[in-house]
Trainee: 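I have a structure I would like to understand better, so I am pasting it below and will then ask my questions one at a time.
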Amino acid sequence: MLEGNNEVLALADALRTPLLRLHLNSQSVQDPKLLQTITEHALRDIDAFMTTYSEASKAQLQIEPISLGSILLDTSQKLSSYAKVTDTTLVVDDHSRHQLVLGNAKLLSQGLEMITKTLCDFASDYPEPIVTMRADTRHGYPRLGVYRNDIELTAHDVQLAKRLIGGARVNAGLFHQLGALRMLIAGRLLEPLGLTLRSAKSAGDRGLALQLLPSSQVGLFEV
């Protein structure tokens, strides 16, 4: 139970920043859409966190064939306003050729959303940061990935961020506190689907990817 308490503390601490920004700007910001976006995604983060406790058990999963392309498109539409808030350009690049995989659409979409927001949140002086959400089958297996054109992300950075458990404050390396927490949430959401979040490179850009390996896909038949 201590681990769960630490995660709740981490969530509260991480969400304090966007909610404080909302509080400070509520009187001066002329664009109500900005305030709506901040609150919407803070609530979505909380909802995803709660899902890891309420629905991420294999015994409760509803496994069905789902389209990688539809997951990519649906999730990107939810994140278009968030990309504007973070001054990033969100690009959808679908090479899945309508690839069907076994999974749970809600968990996969929530996990992909957490990963994409993590990449959007990187601080950068780059004039036009681009975050690309890509569905791919060109590696011999289906893969969902999110990549950014102005970062050098390594496996060490990802492992460092995954060490979030253990306290409300962590040194997450390249990742902000909220980004590291989102990676933790994504990992919890995707673990029942046999997916592991890892660093990856695609078309010259670095980011985070989920590989849907045949062995893990076959294992979902047993759920």
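Below, each value reflects all heavy atoms present in this structure, side chains not excepted, and no hydrogens, waters or symmetry copies. Bear in mind the structure is a predicted one, so any value in this text is a computation, not a measurement.
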Trainee: Could you state the interatomic distance from CZ (R148) to OG1 (T116), rounded to the nearest 0.5 Å?
Mentor: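 The CZ atom of R148 sits 12.0 Å away from the OG1 atom of T116.
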Trainee: Between the side chain of T132 and the main-chain N/O of R134, is any donor-acceptor distance below 3.5 Å?
Mentor: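 No, T132 side chain to R134 backbone: no donor-acceptor pair under 3.5 Å.
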Trainee: Is there a side-chain contact between L193 and V101 in this structure, where contact means two heavy atoms from C-beta onward sitting under 4.5 Å apart?
Mentor: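 Counting from C-beta outward, L193 and V101 never come under 4.5 Å.
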Trainee: Is there any ring pair (Phe, Tyr, Trp, His ring centres under 6.0 Å) pair reaching into residues 64-83, and which pairs are they, with sequence neighbours excluded?
Mentor: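 Residue pairs with at least one partner in residues 64-83: H41-Y82.
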Trainee: Set out, in order, the CA-CA distance, both residues' side-chain angles and the distance that settles side-chain contact (heavy atoms from CB on, under 4.5 Å) for S96 and R143, then state yes or no.
Mentor: CA-CA 8 Å; S96 65; R143 185 167 89 171; over 6 Å; no
Trainee: L153 and L208: side-chain contact (heavy atoms from CB on, under 4.5 Å), yes or no, with the steps?
Mentor: CA-CA 8 Å; L153 188 65; L208 301 167; 3.7 Å; yes
Trainee: Which residues pass the salt bridge (charged side-chain N to carboxylate O under 4.0 Å, His left out) test with D47, sequence neighbours left out?
Mentor: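 D47: no salt bridge (charged side-chain N to carboxylate O under 4.0 Å, His left out) contacts found.
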Trainee: Less than 4.5 Å apart, any side-chain heavy atom of V92 and any of L72?
Mentor: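 Yes - at least one pair of side-chain heavy atoms lies under 4.5 Å apart.
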Trainee: Are any of the side-chain heavy atoms of I115 and L197 separated by less than 4.5 Å?
Mentor: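 Side-chain contact under 4.5 Å: yes.
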Trainee: Would you indicate whether the side-chain heavy atoms of D205 and K201 approach each other to under 4.5 Å?
Mentor: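 Side-chain contact under 4.5 Å: no.
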Trainee: My understanding is that only residues two or more places apart in sequence, or in another chain, count here; which of them pass salt bridge (charged side-chain N to carboxylate O under 4.0 Å, His left out) with D136?
Mentor: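 Applying salt bridge (charged side-chain N to carboxylate O under 4.0 Å, His left out) to D136 gives R138.
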Trainee: Before giving the answer on side-chain hydrogen bond (donor to acceptor under 3.5 Å, both in side chains), spell out for T75 and S109 the whole-Å C-alpha distance, their side-chain angles and the decisive distance to 0.1 Å.
Mentor: CA-CA 6 Å; T75 307; S109 179; 3.0 Å; yes
Trainee: Please list, chain by chain and in numerical order, all residues satisfying salt bridge (charged side-chain N to carboxylate O under 4.0 Å, His left out) with K78, sequence neighbours excluded.
Mentor: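 D74.
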Trainee: Nearest 0.5 Å, what's the OG-CD distance between S70 and Q99?
Mentor: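 That separation rounds to 12.0 Å.
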Trainee: Would you please name every residue forming a side-chain contact (heavy atoms from CB on, under 4.5 Å) with A83, sequence neighbours left out?
Mentor: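 T88, L90.
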Trainee: At what distance, to the nearest 0.5 angstrom, does CD1 of I71 lie from CG of L144?
Mentor: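 Rounded to the nearest 0.5 Å, the CD1-CG separation comes to 8.0 Å.
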Trainee: Assess whether side-chain contact (heavy atoms from CB on, under 4.5 Å) is satisfied between I66 and L100, documenting all intermediate values.
Mentor: CA-CA 5 Å; I66 53 179; L100 291 177; 5.9 Å; no
Trainee: Give, for atom OG1 of T52 and atom CE of M114, the distance between the pair rounded to the nearest 0.5 Å.
Mentor: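 One gets 11.0 Å once the value is rounded to the nearest 0.5 Å.
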Trainee: Decide yes or no for Y147 and L119: does some side-chain heavy atom of the first lie under 4.5 Å from some side-chain heavy atom of the second?
Mentor: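 Y147 vs L119: side chains apart.
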Trainee: Once rounded to the nearest 0.5 Å, what's the spacing between atom CG of D150 and atom CD1 of I130?
Mentor: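 The CD1 atom of I130 is 9.0 Å from CG of D150, to the nearest 0.5 Å.
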Trainee: Consider side-chain contact (heavy atoms from CB on, under 4.5 Å). Of T89, T86, D87, which one does C120 pass it with?
Mentor: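 Result for side-chain contact (heavy atoms from CB on, under 4.5 Å) with C120: T86.
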Trainee: Within a strict 4.5 Å, meaning less than it, do heavy atoms of the L79 and S76 side chains meet?
Mentor: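 The answer is no; the side chains never approach within 4.5 Å.
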Trainee: Has the side chain of R198 got a donor or acceptor atom that lies under 3.5 Å from a matching backbone atom of Q211?
Mentor: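 Checking the backbone N and O of Q211 against the side chain of R198, no donor-acceptor pair under 3.5 Å is found.
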Trainee: Return the minimal non-hydrogen interatomic distance between L68 and A135, and the atom names on each side.
Mentor: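 Scanning both residues, the minimum pair turns out to be CB-CB, 4.3 Å.
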Trainee: What is the minimum heavy-atom distance between G111 and L189, and which atoms define it?
Mentor: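 Between these two residues, the closest heavy atoms are N-CD1, 3.8 Å.
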Trainee: Between the side chains of D45 and R182, is the shortest nitrogen-to-carboxylate-oxygen separation below 4.0 Å, so that they form an ion pair?
Mentor: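 The answer is yes: the pair qualifies as a salt bridge.
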Trainee: What's the spacing between T137 OG1 and H95 NE2 if we round to 0.5 Å?
Mentor: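 Atom-to-atom, T137:OG1 and H95:NE2 are 9.0 Å apart.
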Trainee: Does any part of the side chain of S199, heavy atoms only, come nearer than 4.5 Å to the side chain of T154, both counted from C-beta?
Mentor: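 Answer no - side chains too far apart.
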Trainee: With the side chain counted from C-beta on, respond yes when Q110 and T51 share a heavy-atom pair under 4.5 Å apart, and no when they do not.
Mentor: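 Side-chain contact under 4.5 Å: yes.
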Trainee: Looking at residues at least two apart in the chain, or sitting in another chain, which of them share a salt bridge (charged side-chain N to carboxylate O under 4.0 Å, His left out) with R44?
Mentor: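 If we apply the salt bridge (charged side-chain N to carboxylate O under 4.0 Å, His left out) test to R44, skipping adjacent residues, the hits are E113.
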